[in-house]
Amino acid sequence: MVNPRKTHHRILLTGAAGGLGTALRSRLLANCEVLRLSDKMGLGEAQAGEETAQADLADAAAVDAAVAGCDAIVHLGGISVEAPFEAILQANILGVYHLYESARRHGVKRVVFASSNHVTGFYKQSETITADHPARPDSYYGVSKAFGEDFSRFYFDRYGIETACVRIGSSFPEPKDRRMLATWLSFDDLHRLISACLSTPVLGHSIVFGMSDNAVTWWDNSRAKHIGYVPQDSSDVFHDAVFARTSTPDLNDPAAIYQGGGFVKADPVKKA
């Protein structure tokens, strides 16, 4: 069980209609008095303790209205898969600018930014990396998340907005394949991680790998000890079932060589 503290009065959750947003919608109510939900898609009726603010991240005025009155932001919004650059540009790059500019204007001082393991997707699965390793994005999507990490660092250095860039691995009810045995992040551990980012006394600008307590991992999270995240779940309990239903990977396949998996094979130029 996750037992967070109500650290903020009003938290904005962007991307609230997406998969992770839906999983966090009920969980984040424990972190605040009011949870404001934002997405460009329909959010349904607000429940007790909720507010809704429909907004496209490319619309500066709509984003500004969603941010107004909030004292923390959990930013899950944007495109979460590979896509043409024009779409990535609007949602993931221009959208980040709109969000941080609104945070600056309204005095929001803490953001949890959903980054991605695809920022470092071109490192090999035989390597273990830390947050200090240079970015090696595997896609337009990964590039946009690397931009978000750099942009949030600039807004911390310039304006003092603290940000945790959470490089989410694979957050699903359970691992779908062998790669996810290394990258899996349970929904409850995702909430534990976000809660830690919201409650730690000094966040600064931090890069954190979003993973559960998996025996196999490519990421060293030791630089994030100051956040106080302690995962409670593990992909290990799914190991035998995953191996039983999946075939042995071809070790010459780039998806089995690089940490980004299938993203390293989805050439966005050829796709376009």
Side-chain angles (χ1 to χ4, degrees), residues 2 4 11-32 35-47 50-58 63 66 73-84 87-88 90-92 95-96 99 111-119 121 138-142 144-145 148 164-195 197-198 208-212 214 229 231-235 238 242 259-263 266:
V2 182
I11 294 176
L12 172 64
L13 173 63
T14 70
L20 296 187
T22 299
L24 287 172
R25 181 170 177 168
S26 61
R27 289 171 168 88
L28 280 177
L29 281 170
N31 299 81
C32 56
L35 180 63
R36 180 175 291 170
L37 309 168
S38 180
D39 204 296
K40 69 176 184 178
M41 308 299 290
L43 293 160
E45 290 190 15
Q47 304 301 308
E50 294 181 343
E51 298 174 343
T52 59
Q54 195 160 349
D56 187 324
L57 290 170
V63 172
I73 300 170
V74 177
H75 181 47
L76 303 183
I79 294 174
S80 61
V81 295
E82 185 60 307
I88 294 285
Q90 294 297 312
N92 293 19
V96 163
L99 187 89
V111 179
V112 181
F113 169 62
S115 187
S116 171
N117 70 95
H118 295 289
V119 168
D138 56 26
S139 51
Y140 287 152
Y141 168 69
S144 76
K145 292 301 183 178
C165 298
V166 179
R167 291 180 177 171
I168 296 173
S170 308
S171 195
F172 296 95
E174 62 181 66
K176 296 181 178 181
D177 54 34
R178 297 189 187 193
R179 176 180 176 272
M180 287 191 188
L181 292 173
T183 63
W184 187 63
L185 173 66
S186 73
F187 290 154
D188 280 343
D189 275 347
L190 172 62
H191 183 214
R192 291 184 183 98
L193 177 50
I194 290 175
S195 295
C197 294
L198 291 170
V208 190
F209 293 100
M211 59 184 183
S212 287
N214 310 322
Y229 168 55
Q232 300 295 308
D233 299 323
S234 173
S235 67
F238 301 102
V242 169
Q259 296 184 11
F263 272 60

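Keep in mind that the numbers below use all heavy atoms, side chains included, and drop hydrogens, waters and symmetry copies. FYI, the numbering just counts along the sequence from 1. What you see is a predicted model; the values in this text were computed from it and never measured.
The side chain to side chain donor-acceptor pair (under 3.5 Å) search around Q47 returns none, not counting sequence neighbours. Legend: residues meeting side chain to side chain donor-acceptor pair (under 3.5 Å) with S144, ordered by chain and number and at least two apart, are N92. With sequence neighbours excluded, no residue forms a ring pair (Phe, Tyr, Trp, His ring centres under 6.0 Å) with F172. Not counting sequence neighbours, D56 has no partner by the salt bridge (charged side-chain N to carboxylate O under 4.0 Å, His left out) test. Applying the salt bridge (charged side-chain N to carboxylate O under 4.0 Å, His left out) test to R178 and every residue at least two apart in sequence or in another chain returns nothing. By the side chain to side chain donor-acceptor pair (under 3.5 Å) test, S170 is found to be paired with T183, residues two or more places apart in sequence or in another chain being considered.
In this structure, Q54 contributes its side chain and D39 its backbone to no donor-acceptor pair below 3.5 Å. Within the 3.5 Å criterion, the main-chain N or O of A53 finds a donor-acceptor partner in the side chain of S38. Within the 3.5 Å criterion, the main-chain N or O of Y140 finds a donor-acceptor partner in the side chain of E82. Although no hydrogens or angles enter the test, the distance criterion places no donor-acceptor pair under 3.5 Å between the side chain of T52 and the main chain of A46. Remark: side-chain polar atoms of R192 are not paired, donor with acceptor, to backbone N or O of Y229 under 3.5 angstrom. The backbone N or O of Q259 sits less than 3.5 Å from a side-chain atom of R179, completing a donor-acceptor pair. S116 contributes no side-chain N or O that, together with a main-chain N or O of V119, makes up a donor-acceptor pair within less than 3.5 Å. K40 places no side-chain N or O within 3.5 Å of a backbone atom of G78 that could act as its donor or acceptor partner.
Summarising the geometry of N214 relative to A182, their closest heavy-atom pair is ND2-O, 3.5 Å, with the distance given to 0.1 Å. For L190 against I168, the heavy-atom pair with the smallest separation is CD1-CD1, 4.4 Å. In plain terms, the two heavy atoms of A114 and L76 that are nearest each other are CB-CD2, 3.5 Å. For the pair P175 and F238, the tightest heavy-atom approach, listed with the atom from each and the gap, is CD-CD1, 3.3 Å.
Remark: the D189 side chain and the S212 side chain contain an N/O donor-acceptor pair separated by less than 3.5 Å.
The CG atom of D177 sits 5.0 Å away from atom CE of M180, with the distance rounded to the nearest 0.5 Å.
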Exercise. Please walk me through it: do F113 and L99 pass side chain to side chain contact (heavy atoms under 4.5 Å, CB included)?
Worked result: CA-CA 10 Å; F113 169 62; L99 187 89; over 6 Å; no
